[in-house]
Structure formats: structure tokens, C-alpha cells
Visitor: 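Got a structure for you, written out below as C-alpha cells; questions coming shortly.
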Amino acid sequence: MPEILEADAYRRLAEGVVGRTVVAVEAPDPLYPRGGVDAGGLADALVGRRITAARRHGKVVLLDSGGPTLALRFGMTGRLLVDGRAAIEYLEWGGRRSDPSWVRFGLVFRGGGRLWIDDPRRLGSVELAPDLSGLGPDAWSLRLDELRGALAGGGGPLKARLLDQGRVAGLGNLLVDEVAWRSGLSPLRPAGSLADDEVRRLHRTIRRTLDQMDRRGGSHTGDLFDHRRAGGTCPKDGAPLRRDTVGGRTSWWCPEHQS
DNA sequence: ATTGTGGCCTGCCCGC
DNA sequence: TGCGGGCAGGCCACAA
């Protein structure tokens, strides 16, 4: 479940390769390169280039090197490692072990350092010159007017809108459940039905929740997280939590204080 | 255009 | 002890 918080931890880790020169590209999994490029194309584009920046938009980590930008996506079980060091050791729903066969992509640098993606489920990908125009504004720097725009006119459930990367980029299932719970908003509410004070509250909550959970260590550190299970109760008021499928995702919420 | 659904992919956990 | 089924969700293709 790499969501925006894990992606940002990966970006921070990837800053460690800025200034290094790529001498080899490893792409042992033919499923991993997307967008019409293969292992050879990745090598042609990247070998000999020096990494100049590590950026992030939503859940996507971007490496610049003077040529086409390299985009790294992590699906739900992808981990980034640099020189054998992981940004996140234990990924919820990720592998409990580490297995060399889970390495899906790697960059080898002059001097022997290495950046790679470990992804048991193979749901992540790498892409050259990604088109990010379909992504909405980044959730962490989201302005109030941008959130208003993202929710405006939506007849579908609030949760589906917040999960839609084209509306707001970066939030995943766990973070959306957490911010809806903290905001006292039902995930089932039609997105466009929120009153202005509710949008403001949601906006504040997104910002504060991301800052706090980043300090805590990731998207599994929400107050609701441990209660997302059969028989779970709301840590705020003790009511039994409801489990619904919303936006195609398992959703846990409190019918007592979320409306 | 918007919204919903199913499939991809595989480790892990539970029940038998 | 081994095995099979279900589950997890980011992302994309496709359908209504």
C-alpha cells in the first residue's frame, strides 16, 4: 500500500542517488517497464546519465537525468532500496521476507551503488517520459480551492473521488478511510454534496493527517488502522465499525459520527 | 463525461 | 502437515 507517504519516503531515499551516474540498468521483469519501453530502451535512455533530481507527484517518484524523466510506481507491494538500505522495512501487505527474485528494476551507479525496486506482487512499474497531465493536484500541497474543484459536481461517493488520482493525486485506501473518519464524513456521501464548512474541515484534516502520519511513519499509522477488521469498533466513540465496498475498495467507517 | 466493475499479480493466512 | 480458497488494493481496460 504505498500511498503518498511511502512515495515521499522513497523520494527522500532516492535523493541519495542525485549526482550519481548510471552505468547499467537492470530490468529482469518484462512486465515492469510500461509505456512501450523495454529493458534495452531503458538502458539506452539512462546509461551514462547523471541523476539530477528526485521528485514526486502523488504516488509517483520521478528521477531526472537530463534525458527522459524516469517514473517509478510501486503498486501496493513495491519497496525502494538504495545501496541496500530501505526507506521502509516493513510494508503492510508486502512481503514478510526479502527475496532476490522480487527485484523488478534496478539502476547501477558508477562506484558500485545501486537503486532498486523490490515488488513481490509486480503491480508497480517503471516508465520513461511519463505523461502526468492526467493526475490531479498533489494531496500534500492541496489548496482549498483545488479540493473544492475535485469534489464539485460529483455524484459518486466521496471516497471514490478522493481515491481518483485524476482528481487528487496521492491518497490511497487507508489514508482516505482515515481522513474521512477524522473529518466525520461518511465515505458514501455524494462528493458534490459537501457543504463549504465540510470541505474546509476535510481540507484541514488531509493536511494535518498527512503531516502527522508522515512523522509516525506511514499510511498504516492512522488512528483507525488497528480497528479495520471484523468486530472492530470506533476508537472515538466505541460504535461498531461498518465495512462497505466503496469505490471498489474495502472501507471501514463509523456510522455513529461519520455522516 | 462520469461512474462502476473486473482483472492483473502473488504472498500470506485461515480452515480443513 | 499440506493444501486450496479467499483476501489485500494500485492501476488500467472496458462497460454502462
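Small disclaimer: the values here were computed from a predicted structure and weren't measured. Lettering of chains follows the sequences in order, A, B, ..., and the numbering in each one begins at 1. Because only heavy atoms are used, hydrogens play no part in the values below, and waters and symmetry mates are left out as well, while side chains stay in.
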Visitor: Compare side-chain N and O positions of R243(A) against OP1 and OP2 of dA8(C) and report whether any pair is under 4.0 Å apart.
Guide: yes
Visitor: Taking only N and O in the side chain of R161(A), is any of them less than 4.0 Å away from OP1 or OP2 of dT3(B)?
Guide: yes
Visitor: Could you check whether G124(A) gets within reach of a base, just the sugar-phosphate, or nothing at all, counting any heavy atom under 4.0 Å?
Guide: nothing
Visitor: Cut-off 3.5 Å, side chains only: do T205(A) and S183(A) have a donor facing an acceptor?
Guide: yes
Visitor: Check whether more than 12 heavy atoms from other residues, nucleotides or ligands sit under 6.0 Å from atom CZ of R148(A), and answer yes or no.
Guide: yes
Visitor: Under 3.5 Å, is there a donor-acceptor pair between the D64(A) and T69(A) side chains?
Guide: yes
Visitor: To the nearest Å, how far apart are K159(A) NZ and dG4(B) C1'?
Guide: 15 Å
Visitor: How is S125(A) classified with respect to the nucleic acid when contacts are heavy atoms under 4.0 Å: base, sugar-phosphate, or nothing?
Guide: nothing
Visitor: By nearest atom, which of the nucleotides dC11(C), dA8(C), dG9(C) is closest to the Q165(A) side chain?
Guide: dC11(C)
Visitor: Taking CZ from R104(A) and P from dC9(B), how many angstroms apart are they, rounded to a whole number?
Guide: 11 Å
Visitor: Any idea which of dT3(B), dC11(C), dG9(C) is nearest the R167(A) side chain?
Guide: dT3(B)
Visitor: Answer with base, sugar-phosphate or nothing: what part of the nucleic acid does R229(A) contact at a heavy-atom distance below 4.0 Å?
Guide: nothing
Visitor: With no hydrogens and no angle check, do the side chains of Q258(A) and R182(A) hold a donor and an acceptor under 3.5 Å apart?
Guide: no
Visitor: For G154(A), report the nucleic acid contact type (base, sugar-phosphate, nothing); a contact means any heavy atom under 4.0 Å.
Guide: sugar-phosphate
Visitor: Would you mind telling me which of dT2(B), dG9(C), dC9(B) lies closest to the side-chain atoms of M76(A)?
Guide: dG9(C)
Visitor: I'd like the P distance from dA1(B) over to dC11(C), given in whole Å.
Guide: 22 Å
Visitor: Which helical stems does DNA chain C take part in, if a stem means at least 3 consecutive Watson-Crick or G-U pairs with both distances below 3.5 Å?
Guide: B:2-8 with C:10-16, B:10-16 with C:2-8
Visitor: May I ask you to say what G172(A) touches in the nucleic acid, namely base, sugar-phosphate or nothing, with a heavy-atom cut-off under 4.0 Å?
Guide: sugar-phosphate
Visitor: Report the distance from atom CG of L31(A) to atom P of dG10(C), rounded to the nearest whole Å.
Guide: 18 Å
Visitor: On a whole-Å scale, what distance lies between the P atoms belonging to dC14(C) and dC9(B)?
Guide: 15 Å
Visitor: Rounded to the Å, how far apart are D164(A) CG and dG9(C) C1'?
Guide: 15 Å
Visitor: Just the rounded figure in Å: distance from C1' of dC11(C) to CG of N173(A).
Guide: 13 Å
Visitor: Does a distance-only test, which skips hydrogens and angles, find a donor-acceptor pair under 3.5 Å between the side chain of R121(A) and the base of dC9(B)?
Guide: yes
Visitor: Only counting residues at least two apart or in another chain, list the ones meeting side chain to side chain contact (heavy atoms under 4.5 Å, CB included) with A129(A).
Guide: P68(A)
Visitor: Under 4.0 Å between a side-chain N/O of W102(A) and OP1 or OP2 of dG11(B), yes or no?
Guide: yes
Visitor: Roughly, in whole Å, what's the span from OH in Y32(A) to C1' in dC8(B)?
Guide: 13 Å
Visitor: Distance only, no hydrogens: is a donor on one side chain within 3.5 Å (strictly under) of an acceptor on the other, for W253(A) and D244(A)?
Guide: yes
Visitor: Below 4.0 angstrom from OP1 or OP2 of dG9(C), is there any side-chain N or O of T250(A)?
Guide: yes
Visitor: Does NZ or CZ of R104(A) fall inside the cone over Y32(A)'s six-membered ring, less than 6.0 Å from its centre and within 45° of the axis?
Guide: no
Visitor: For the residue pair D138(A) and H57(A), confirm or rule out a side-chain donor-acceptor distance under 3.5 Å.
Guide: no
Visitor: Is the side chain of Q165(A) donor-acceptor paired with the backbone N or O of L171(A) at a distance under 3.5 Å, no angle test?
Guide: yes
Visitor: May I have the distance from R34(A) (atom CZ) to dC8(B) (atom P), rounded to whole angstrom?
Guide: 13 Å
Visitor: Taking atom types as they are modelled, would you say the side chain of R249(A) forms a donor-acceptor pair with the base of dG10(C) within the 3.5 Å cutoff?
Guide: yes
Visitor: To the nearest Å, give me how far apart CG (L135(A)) and P (dC11(C)) are.
Guide: 9 Å
Visitor: If you find the nucleotide of DNA chain C closest to E127(A) and the one closest to L123(A), which residue's nucleotide is nearer the 5' end?
Guide: L123(A)
